[in-house]
Number of protein chains: 2
Amino acid sequence: MKPLSIKDIAKKANVSITTVSFILNGKAEKMRISQDMITKVEAIIKEVGFRPNQVARSLRTGNTNTIGLIVEDISNPFFAAIARLIEDKAYKHGYKIIYSSTENNLDKAKGLIRMFKSRQVDGYIIAPMAGMEEDIRELLSARTPVVVFDRHLPGLEVSSVLVDNIKGTYMATDSLIVKGMKNIAFVTVDVEVEQIKDRYKGYEQALKANKIEINPKLCKLISFNNTADETTAELTQFFTDNPEIDAVLFATNYLAVRGLFSFREMNKKLNGSFKVIAYDDHDIFKLHSPTISAVDQPIEEIAENVINFVLKELASVDSFEKKELNNVVLSSRLIER
Amino acid sequence: MKPLSIKDIAKKANVSITTVSFILNGKAEKMRISQDMITKVEAIIKEVGFRPNQVARSLRTGNTNTIGLIVEDISNPFFAAIARLIEDKAYKHGYKIIYSSTENNLDKAKGLIRMFKSRQVDGYIIAPMAGMEEDIRELLSARTPVVVFDRHLPGLEVSSVLVDNIKGTYMATDSLIVKGMKNIAFVTVDVEVEQIKDRYKGYEQALKANKIEINPKLCKLISFNNTADETTAELTQFFTDNPEIDAVLFATNYLAVRGLFSFREMNKKLNGSFKVIAYDDHDIFKLHSPTISAVDQPIEEIAENVINFVLKELASVDSFEKKELNNVVLSSRLIER
DNA sequence: TTGAAAGCGCTAACAT
DNA sequence: ATGTTAGCGCTTTCAA
């Protein structure tokens, strides 16, 4: 049978739908509806288990209480952890999350924004990729709350939660230099986002600061579209071709994991004369023998800030104050193991 | 500025909104609207980038092209991987996924169903927990497509995608016995779902079949609400108290990971005289020294079946055929390392 | 071949 | 203090 509507409730209670609507929306007080009426209607609502149709409500009010989350890949542990935390907090504030992975495909990413728009999501949380600038700018000019995190697109004035990537890799590289490493390799991925480039910059700056010449041969670029096995193979090749390498810094955790597979395949010993640091921590690095050092991003803090920023913007969206941007850069931490 | 509506398009094209609507929905042919008209209207739509308001459409048609996904914890790699695959396929069929984690909290789970219902999701994909029977039954009686996966609730007639858990742990236990292990421990979690109980059954049956007496002391129950550290501590205690244990089977991958942390803490050697098998594979188990055997669930197959079942039910929902249930039990595979 | 108009369930301005 | 009613943007029946 069809679900009940506000009309049915009104009929059952012998009142108008307005009264029911006011009570539903907690405006009964303001409208000075009698306490008796309120109690009676609420009883009926509870009794029949009536829940207002959100779609109709959304059409009428223009908000859906839904936040769109766009990330590269929801199955990446970093994004999965953040998604979980965000979802949890959003839920407590009455918002639902609707998400999608871009798979680093610009067309899909653009499509997602359009799709979310047509579904009238109230706000966006985006780990953006290059090429989305225009789309995001459009959202902003419609005064839609948007918070980007993890990555930043240059020239975009938007609230953001970032981690200081330069500092992260700088610390890591520096720690390797201090330990006397001479040929430090850097393994990264070919996605064109500031965040990844910054990780390279940190590496570069640390070398410069220590007057070590940068050897382009020691910087390995892996294609994002590689399968896991392809990446492992490429890395094996890379380390075989460059036996002088005595330390590696990986720009992402999944690259580091592939690296560990390579080393295992090559039977390469990780010890005082061959050191590895990963970006983003992971249980694997704690359990590996030997344990692997990592640059750790503050996942909870990221999620916390992201959701706070969106909620704040969501709350101020219909006020007339000029929207202020919220920006924060968090620090990562080098965990030496 | 406000987004354009179908009215604006109609005005721009000097036609009625009906015509625009027919063209939008591919019904132009059937309504025999002239090709000229179609071309003209389509050109305008493209030019101004008009996208119909899905909320209004949903209110009118009753479908939202949205599927609700309810799992225990989206940040669990098993669920994250499945969510990603499901989301991807759903997207290709024009459906969006809206998800939420129950955190093994029945109230939250029930709330989620109600919330999804009020948002008019077209179908549900649920990894259920005990206590949801009634809510799911209600959905079914409203002819709403529902597919459960990973777990099954007894006495519920619903489409399902399961893995033979009994067989999984049976194989694992048996392989340990064949290797001459005498005191095989079983570490599991206190969530009351068939799937987890089945894993215990498989363990039990294998012991029985091999005429080994079941020693309740060797079966350790961990609370789901433990923090990671608490679990590690409890496990350390457990293995210290029961030094006769020469093999362990973990009922979930995250328990196995905690176990590995314990063993590391205890400096326990994993070798021929102490063997470990995990349920659900994970990169960690491949990289660990020594590598860890695992019962591997066919994640892709699970996702594939789940989405196919929902789509199938979704397609038949307004036909009058009696809805047929789709049920499949997939096999897991013991990966011996 | 196209258009007018009803109505999906709800909110809120306006009326009483 | 409570009711009437216009519309949110769209689909679809019926009429022309």
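As a basis for the values below, the full set of heavy atoms in this structure was taken, side chains included, without hydrogen atoms, waters or symmetry mates. Chain letters run A, B, ... following the sequence lines, proteins first and then strands; every chain starts at 1.
Between the side chains of A:Thr19 and A:Ser16, at least one donor-acceptor pair of N or O atoms lies under 3.5 Å.
Separating the NZ atom of B:Lys7 from the C1' atom of D:dC10 is a distance of 11 Å, rounded to the nearest angstrom. Remark: C1' of D:dC10 and CG of B:Leu59 are 8 Å apart, rounded to the nearest angstrom. With rounding to whole Å, B:Lys11 atom NZ is found 12 Å from D:dG9 atom P.
The closest side-chain heavy-atom distance from B:Lys92 to B:Ile307 is not below 4.5 Å. Taking 4.5 Å as the limit, some side-chain heavy atom of A:Ile126 sits within range of a side-chain heavy atom of A:Ile113. With a 4.5 Å cut-off on side-chain heavy atoms, B:Leu314 and B:Ile67 count as touching.
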Exercise for review: List the steps, then state whether side-chain contact (heavy atoms from CB on, under 4.5 Å) holds for A:Ile38 with A:Phe22.
Suggested key: CA-CA 9 Å; A:Ile38 298 184; A:Phe22 284 149; over 6 Å; no

Review point. Does the side-chain contact (heavy atoms from CB on, under 4.5 Å) test come out yes or no for A:Ile6 and A:Phe50, once each step is laid out?
Key: CA-CA 8 Å; A:Ile6 195 171; A:Phe50 168 68; 4.3 Å; yes

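At a threshold of 4.0 Å, the pair A:Glu47-A:Lys12 does not count as salt-bridged, since none of the basic side-chain nitrogens sits closer than that to a carboxylate oxygen. A salt bridge links B:Arg84 to A:Glu103: one of the charged nitrogens lies within less than 4.0 Å of a carboxylate oxygen.
Legend: residues meeting ring pair (Phe, Tyr, Trp, His ring centres under 6.0 Å) with B:Tyr99, ordered by chain and number and at least two apart, are A:Tyr99. Partners of A:Glu194 according to the side chain to side chain donor-acceptor pair (under 3.5 Å) rule, which considers only residues two or more places apart in sequence or in another chain, do not exist here.
Heavy atoms of B:Ile33 sit under 4.0 angstrom from primed sugar atoms or phosphate atoms, though from no base atom. Across all strands, A:Val55 comes closer than 4.0 Å to no nucleic acid atom at all (heavy-atom distances).
For the helix from C:dT1-D:dA16 to C:dT16-D:dA1, the terminal axes (five pairs an end, C1' atoms, rotation from four pairs onto the next four) enclose an angle of 50°, given to 10 degrees.
Mapping A:Phe50 and B:Ser34 onto DNA chain C by nearest heavy atom places B:Ser34 at the nucleotide closer to the 5' end.
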Point to revise | Nucleic acid footprint by protein, nucleotides 11-16 of chain D - heavy-atom cut-off 4.0 Å, B for base, S for sugar-phosphate alone | key: BBB---

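Of all nucleotides in DNA chain C having an atom under 4.0 Å from a heavy atom of chain A, the first and last in 5' to 3' order are C:dG9 to C:dA13.
Residue pairs meeting the side-chain hydrogen bond (donor to acceptor under 3.5 Å, both in side chains) criterion with at least one member in residues 109-122 of chain B, sequence neighbours excluded: A:Thr66-B:Arg119, B:Thr64-B:Asp122, B:Lys110-B:Asp135, B:Lys117-B:Glu138.
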